[in-house]
Amino acid sequence: MKGDSSMVLQAQEEIIEMKDVFSVKLKRRRFAGQTKGGTLLGITVFKCLKKEENKLTDCAIHLNNLSEDHCQSWFRHLKDILNGFRNRPKTLKVFVNPSSHKREATHVYYEQVAPLFKLADIKTDVTVTEYEGHALSVLKECELQAFDGVVCVGGDGSVSEVAHGLLLRAQIDAGKDTDYVSNPVRALVPLGVIPAGTTNILAHTLYGIKHAVTATLHIIMGHIQAVDVCTFSTPSKLLRFGFSAMFGFGARTLALAEKHRWMPSSQRKDFAFIKTLADLRPEECELSFLPPQIPQEDSHENDMLNNGSMALIVVQNTSRTEFIKHLKRYTSVKNQFNFPFVETYTVEEVKVQPRLKSGLHAKENTDLNAASAEGNYPWNIDGDLMKEASEVHVRVHPQLIDLYGVNTDDLESSQATCNCI
């Protein structure tokens, strides 16, 4: 047995590259109810197989050999090769949000993800979250050094909370003041994302598809890329770490939806969207930004997750009809922002300062003053509502966290991005 990167199966004239293999098991014939022993038949190699549209799946290849000595020797050598691959996790801390989209996250994890982790001999410690902020509190206290990575099963909001927790923990361990972080340190371990939420933009960006098995195999295979993260701060404190945000229409829609949590999820979101659209009005604010220190020559670079910049999309005041046209085209790739009232910039920092407009109707001015007094200038940060302060300073920090996934250049026509505000 040689320790090179491939082995040749003469009988089938097939080559298996060991970089695509994630597990090897002894194959035995057992009777019903028998859990140990049995007649040795050979070994089974499990590999990661690339399919169309960025999908990955697992594939079993059976190598028949009745010799105990031969099988044990091959088994040991193959295990040694697999154990030599860097970045492949041996232990994972897993967070499952049972309240994610249609409460499917628990089913997704135990039916699709956990069996693959077990097959790959990855040990897991699972926390099924019970309330908002549960993952954050666990990450602050757990023995993080005992794990090779952290996995979140849920939507964008759940992932954002776990990412925030990992980065906050890194600042605490580094002895930094977490009230205001100007130069944050990197997260200690990678984060894996299993899509199981209403919105899964980050997962789609990492894998090019919303597919739990694909995401799981990227984690098992140790595919890692460093990703930029933003800090959202007031002049006096850090609000949170995050990947994307909306101020204005997207934030007010979320704020209204949160006030009607007694409604079913889909109805609540539809109601909030229609009501906010019916009451559409511009946000009076002062916007300032800092362009990248190194100019972005290729516009394609702006689609990347780790180029040290973010996309600023400014939608100016327009009619309701034109705004609806913009919303309909927003998820498209072609001519996405080709409207006279939409401006896009590549930036490193953004400051948003809401302000009251003089000469407003008395009731409208009263409403805005009340909103200001309550700190009710909502922000939608990765699907989570924040209403902490009036002025918000957003800064992008290059490659602040490692995520399990591949570079967007390696994906087939991936259309979703998440590094925009």
Side-chain angles (χ1 to χ4, degrees), residues 132-133 136 156-157 159-161 163-165 167-168 171 176-184 199 201-202 227-259 272 276 280-293 308-317 342-357 367-398 400-401 417-421:
E132 185 177 349
L136 179 59
D156 287 336
V159 174
S160 178
E161 179 184 330
H164 174 67
L167 287 164
L168 205 59
Q171 313 317 307
K176 287 183 171 287
D177 181 8
T178 57
D179 286 338
Y180 191 83
V181 182
S182 56
N183 294 296
T199 57
I201 296 176
L202 183 57
V227 171
D228 301 343
V229 181
C230 295
T231 50
F232 298 85
S233 309
T234 69
S236 60
K237 70 173 182 176
L238 171 72
L239 297 178
R240 69 177 297 156
F241 294 94
F243 298 102
S244 64
M246 288 183 283
F247 177 79
F249 178 80
R252 293 202 177 275
T253 300
L254 178 62
L256 186 58
E258 288 297 309
K259 289 182 178 179
T276 307
L280 186 66
R281 58 182 173 81
E283 298 289 341
E284 295 298 324
C285 64
E286 181 179 309
L287 183 69
S288 56
F289 59 86
L290 180 67
Q293 300 302 306
S309 69
M310 55 184 167
L312 171 64
I313 303 164
V314 182
V315 182
Q316 299 184 34
N317 189 18
V342 178
E343 299 177 359
T344 62
Y345 305 90
T346 300
V347 301
E348 285 186 358
E349 297 185 35
V350 179
K351 283 186 179 180
V352 180
Q353 172 65 64
R355 63 187 182 190
L356 297 180
K357 183 179 179 181
D367 290 342
L368 285 173
N369 273 303
S372 177
E374 296 171 4
N376 192 22
Y377 291 104
W379 281 78
N380 181 339
I381 302 178
D382 294 328
D384 283 343
L385 181 64
M386 299 290 292
K387 297 188 290 187
E388 295 292 336
S390 55
E391 177 183 327
V392 173
H393 183 192
V394 186
R395 295 179 61 200
V396 64
H397 303 274
L400 200 58
I401 191 171
T417 56
C418 67
N419 58 336
C420 62
I421 176 172

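Just so it is clear, the structure is predicted and the values come from calculations on it, not from any experiment.
A donor-acceptor pair is defined here as one N or O able to donate and one able to accept, closer than 3.5 Å; such a pair exists between the side chain of T253 and the backbone of F249. Formation of a donor-acceptor pair under 3.5 Å by the N380 side chain with backbone atoms of L385 is not found in this model. Under the 3.5 Å distance criterion, the side-chain polar atoms of R395 are left unmatched by any main-chain donor or acceptor of S233. Judged by distance alone, with hydrogens and angles left aside, the side-chain atoms of D156 form no donor-acceptor pair with the main-chain N or O of D382 at under 3.5 Å.
Partners of T231 by side-chain hydrogen bond (donor to acceptor under 3.5 Å, both in side chains), not counting sequence neighbours, listed by chain and number: H397. Taking E343 as the reference, nothing meets the salt bridge (charged side-chain N to carboxylate O under 4.0 Å, His left out) condition, with sequence neighbours excluded. Remark: F289 pairs with Y345 by the ring-ring contact (aromatic ring centres under 6.0 Å, His included) rule, at least two apart or across chains. Residues forming a side-chain contact (heavy atoms from CB on, under 4.5 Å) with V396 (at least two apart in sequence, or on another chain): D228, C230, M310, E348. Taking E349 as the reference, H393 meet the side-chain hydrogen bond (donor to acceptor under 3.5 Å, both in side chains) condition, with sequence neighbours excluded. By the side-chain hydrogen bond (donor to acceptor under 3.5 Å, both in side chains) test, D384 is found to be paired with R240, residues two or more places apart in sequence or in another chain being considered. S288 pairs by the side-chain contact (heavy atoms from CB on, under 4.5 Å) definition with K351, not counting sequence neighbours.
In E132, the CD atom is not crowded: 12 or fewer heavy atoms of neighbouring residues, nucleotides or ligands sit closer than 6.0 Å.
What you find for S309 and P292 is that their closest heavy atoms are CB-CG, 4.3 Å. Annotation for C285 and P354: closest pair CB-CA, 3.8 Å, computed over non-hydrogen atoms. A245 and W379 make their closest contact through CB-CE3, 4.0 Å (heavy atoms, listed as atom of the first residue, atom of the second, distance). In plain terms, the two heavy atoms of G165 and L136 that are nearest each other are CA-CD1, 3.4 Å. Closest approach of R252 and Y377 over heavy atoms only: NH2-CD2, 4.5 Å.
A distance of 5.0 Å separates CE in M386 from CD1 in I381, rounded to the nearest 0.5 Å.
Here the side chains of L254 and P378 are not in contact, with every heavy-atom distance at 4.5 Å or above. Using a 4.5 Å cut-off on side-chain heavy atoms (C-beta onward), L400 and P184 make contact. Taking the side chain as every heavy atom from C-beta outward, F241 and I401 never approach each other to under 4.5 Å.
Between Q171 and the options V181, N183, L238, D177, a side-chain contact (heavy atoms from CB on, under 4.5 Å) holds for only V181.
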Inset, instruction - Step by step, work out the side-chain contact (heavy atoms from CB on, under 4.5 Å) result for V227 and F243. - result: CA-CA 9 Å; V227 171; F243 298 102; 4.1 Å; yes
